[in-house]
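The structure under discussion appears below in the form of structure tokens.
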Amino acid sequence: MYIREKINEQIKEITAGALNKSLASGAFAIETMPNIFLEIPREKGHGDYSTNIAMQLPKQTRKSPRFIAETLMANMDTAGSYVESVEIAGPGFINFKLKKSWHYAVLEEIAEMKKDYGRSQKNKGKAFNLEFISANPTGPMHMGNARGGAIGDILASVADWTGYEVTREFYINDAGNQIVKFGDSLDARYRQLFGEDIPFPEDGYQGDDITEHMKNFIAENGDVHRSLEPSERKEILIDYALNKNLTQIKSDLAAYGIHYDVWFSEQSLYDSGAIEETIARLKEGGFTYEQDGALWFKSTSFGSDKDDVIIRANGLPTYFMGDIAYHVNKYITRGFDRCINVWGADHHGHVARLKGALTAVGINADEFDVVLMQLVRLIRNGEVTRMSKRKGKAIALTDLIDEVGVDATRFFFNLRSPDSHFDFDLDLAMEQSSDNPVFYVQYAHARICSIIRQMAEELDNTVALDPERLSEKEELNLLEILSLFSDEILMAEEKLDPSRITHYAIDLASAFHSFYNACHVRVEDKSLMKARVALIEATQQVIENALSILGISAPERM
RNA sequence: GCGCCUGUAGCUCAGUAGGAUAGAGCAACGGCCUUCUAAGCCGUGUGCCAAGGGUUCGAAUCCCCUCAGGCGCACCA
């Protein structure tokens, strides 16, 4: 248990004890016990912790907040706790000031847990599935996938640090209409390369990569496929290009620092009969009906404003149907306790109906959430550029990484919460200017490493470590921020917002830089020097841990 | 028309399950390297928290409504 949790429990116990004593003494009476809520005041002058309990009780007790606060304070027993003093302030806040010694527990915790400092057990034993990117494998990864990739990958790490057993998963949309179009496009290019004057499908994939695939295919296979029936040939071409694309996607993402545990094929749901089983399950439950030759799911029974087709009149299941079967597979076949998907905000309309369908088949939809990320707008020369995979004008992920670097790209895409609209200014990003805060954090890390390298020779090992030597406000501030790391990870998991880790890393780096300018590590006083080395070693460790969650390197020299 | 997201300093954004005087970065200006990395630090100014109403001891935060921008509302994925 981390020091913050211990203190929290102590103060809650102290407050609850005071409340019980006050009640027993007859100072006031209540009907229901309130929740004791603690917060860390923004103003340092208001102490280390604060509770508003006295302001929640006037209604029940018919006493003033001030009176309640005073009564509680008089009945508090802080012996043996970290609480040094208690005071009442403002409209009735009870503020707790802690003994400085609590700071030093942080150093010990970090020194003990090292690379695991910040991990917690909250979700131990639970299986967590995080599905992200999940694009059509009809082309290489582009910039639009980059944000979802960074958010998903980092959120997966965050979940891992809260104790979940995490599976990163890519749902390959290798079935359905887009694949048919893909095949039509490939076939048209194939025939055009042999000089046939045929029109290109109007809504086909126009990218050069389609033509490239067919050039390579012809180079490898000659013209033996020309005589085949188009449908037969398309199948071969699709299979060929899809495999090439998947290989490409995997290497693109690996270069981006993303490694999936599972690549799940949509087509496999058809092949395995999972779709059929799920349809049967929905029918048995009475959640379907036929109309206009199609099979419909009663989304309206689960709060949606319209029902949805799951099998078209032509007999082919819709994408929605596949997604239901896919999630049945996740929860029931594979037994995940919690599933999170990262989707573009343009798919938000599909969340409710999928939750409805999951509820229909008996899955607890509270354990299913979708992180909706606002789409990225591409800014070039100060103008918005529309991205279109089919027009072939999208910036490839690999190009972005080449220009900007993996670290900056990942950091940049996690600078804002997923639901904020995001403009990616290409010119700025490609300038590689030091405006990018990733340098700020990495620089703090490199600076510390540099000092540690030099101190290693000067440190006197016969001097005992005395953490109480740390008493400057910059030192204490640094310790306080270090102690919040685990809470920040838990909050990021609860809110499904990985950008909190990025912000934390910046705050921590900032606290270090301030310390660095205010306090020298290399000082005559060997005991003080020892304590400061311990402090920066702890800081180095936590920056390293935060960066490892972010999937960003922690350079030892810059 | 219905639904979702967003609206906070000149710009880009934070703002912790409603809390005490609304915060950073960038930009502007002024300081700080004869000792550990100046890719750094310190200081100075800026706000009808989009408008209005409500709940509350207390609202940027919750509710209602209006306005503005983005995105959905397919037998597309």
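Heavy atoms only: backbone and side chains are in, while hydrogens, waters and symmetry mates are out. Residue numbers start from 1 in every chain, and the chains themselves are labelled A, B, ... in the order their sequence lines are given, proteins ahead of strands.
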(message) Which nucleotide, if any, forms a Watson-Crick or G-U wobble pair with C4(B), using both distances under 3.5 Å?
(response) G70(B)
(message) Under a 4.0 Å threshold between the charged nitrogen and the carboxylate oxygen, would K181(A) count as salt-bridged to E202(A)?
(response) no
(message) Quick test of the criterion, 5.5 Å between centres and less than 30° between planes. Is F93(A) stacked on G19(B) or not?
(response) no
(request) Kindly point out which of G40(B), A20(B), C75(B) is positioned nearest to the side chain of D292(A)? (result) C75(B)
(message) Run I88(A) and N95(A) through side-chain contact (heavy atoms from CB on, under 4.5 Å) and show every step you take.
(response) CA-CA 6 Å; I88(A) 298 167; N95(A) 295 335; over 6 Å; no
(request) Return the nucleotide paired to U21(B): Watson-Crick means purine N1 to pyrimidine N3 with N6-O4 or O6-N4, wobble means G-U with N1-O2 and O6-N3, both under 3.5 Å. (result) none
(request) Check the chi torsion on C62(B) and let me know: syn if it falls within 90° of 0, anti if not. (result) anti
(message) Starting the side chain at C-beta, find the nucleotide from U6(B), C57(B), U37(B) nearest to M55(A).
(response) C57(B)
(request) With heavy atoms under 4.0 Å as the rule, sort R522(A) into base, sugar-phosphate or nothing. (result) base
(request) Select one nucleotide: of A14(B), C36(B), U37(B), the one nearest the side-chain heavy atoms of R557(A). (result) U37(B)
(message) Need one value for M558(A): base, sugar-phosphate or nothing, where a base atom within 4.0 Å counts as base even if backbone is also close, heavy atoms only.
(response) base
(request) Using only side-chain N and O atoms of R447(A), determine if any of them is under 4.0 Å from OP1 or OP2 of A38(B). (result) yes
(request) Could you tell me whether the side-chain ring of H347(A) sits stacked on the base of G72(B), using a centroid cut-off under 5.5 Å and a plane angle under 30°? (result) no
(message) Any base atoms under 4.0 Å from A446(A), or only sugar-phosphate, or nothing? Heavy atoms, all strands.
(response) base
(request) Give a yes/no verdict on a cation-pi contact between R447(A) and F512(A), requiring under 6.0 Å between NZ or CZ and the six-membered ring centre and an angle within 45° of the axis. (result) no
(message) Determine whether a donor-acceptor pair (one donor, one acceptor, N or O, separation below 3.5 Å) exists between the side chain of D346(A) and the base of G72(B).
(response) no
(request) Using heavy atoms to find the nearest nucleotide of RNA chain B for S417(A) and N517(A) separately, return the residue whose nucleotide is more 5′. (result) S417(A)
(message) With the stacking rule set at 5.5 Å and 30°, tell me whether H503(A) counts as stacking on A14(B).
(response) no
(message) Going by purine N1 to pyrimidine N3 plus the second Watson-Crick contact, or the G-U wobble pair, all under 3.5 Å, which nucleotide sits opposite A9(B)?
(response) none
(request) With the side chain of Q374(A) defined as its heavy atoms from C-beta on, choose the nearest nucleotide among C5(B), A74(B), U37(B). (result) C5(B)
(request) Return the nearest nucleotide to the side chain of Q454(A); candidates are C2(B), C36(B), A14(B). (result) C36(B)
(request) Give a yes-or-no answer on whether the side chains of R532(A) and H520(A) include a donor-acceptor pair shorter than 3.5 Å. (result) no
(message) Given C36(B), A38(B), G19(B), identify the nucleotide with an atom nearest to the side chain of Y443(A).
(response) A38(B)
(request) Say whether R353(A) and S304(A), considering side chains only, have a donor N or O and an acceptor N or O under 3.5 Å apart. (result) no
(message) Given the structure, check if the side chain of N52(A) and the base of G19(B) hold any donor-acceptor pair shorter than 3.5 Å.
(response) yes
(message) For a quick check under 3.5 Å, do Y326(A) and E169(A) share a side-chain donor-acceptor pair by atom type?
(response) yes
(message) Quiz question: going by heavy-atom distance under 3.5 Å, is there a donor-acceptor pair between the base of A74(B) and the side chain of T318(A)?
(response) no
(message) Side chain of H520(A), heavy atoms from C-beta onward: which of A77(B), G19(B), U35(B) has the nearest atom to it?
(response) U35(B)
(request) Please state how far atom NE2 in H348(A) lies from atom P in G70(B), giving the value in whole angstrom units. (result) 14 Å
(request) Check whether any side-chain nitrogen or oxygen of R42(A) sits under 4.0 Å from OP1 or OP2 of A20(B), and answer yes or no. (result) yes
(message) Check this for me, if you would: do K526(A) and E458(A) make a salt bridge, where the nitrogen-to-carboxylate-oxygen distance has to be below 4.0 angstrom?
(response) no
(message) Students often get this wrong, so: under 4.0 angstrom with heavy atoms, is I40(A) touching a base, only sugar-phosphate, or nothing?
(response) base
(message) Counting only side-chain heavy atoms from C-beta out, which of C36(B), C75(B), A14(B) sits nearest to A313(A)?
(response) C75(B)
(request) Kindly say whether, by distance alone, the side chain of H350(A) makes a donor-acceptor pair under 3.5 Å with the base of G72(B)? (result) no
(request) Measure distances between side-chain N and O atoms of N95(A) and base N and O atoms of A20(B), and say whether any donor-acceptor pair falls under 3.5 Å. (result) yes
(message) Nearest whole Å is fine: how far is C13(B) C1' from D507(A) CG?
(response) 13 Å
(request) To the nearest Å, give me how far apart OH (Y516(A)) and C1' (C41(B)) are. (result) 10 Å
(message) Strictly by Watson-Crick or wobble contacts shorter than 3.5 Å, is anything paired with G40(B), and which nucleotide is it?
(response) C32(B)
(request) Select one nucleotide: of C42(B), C36(B), C75(B), the one nearest the side-chain heavy atoms of A294(A). (result) C75(B)
(message) I need the CD1-C1' distance between I53(A) and A17(B), as an integer number of Å.
(response) 15 Å
(message) Nearest heavy atom decides the nucleotide; on that basis, is G349(A) or A509(A) closer to the 5' end of RNA chain B?
(response) A509(A)
(message) Using the ring centroid of each side chain, check whether F302(A) and F297(A) are separated by less than 6.0 Å.
(response) yes
(request) Please tell me which of the listed nucleotides, C36(B), A77(B), C75(B), lies nearest to the side chain of R353(A)? (result) A77(B)
(request) Let me know the distance between CD1 of I501(A) and P of U16(B), rounded to the nearest Å. (result) 16 Å
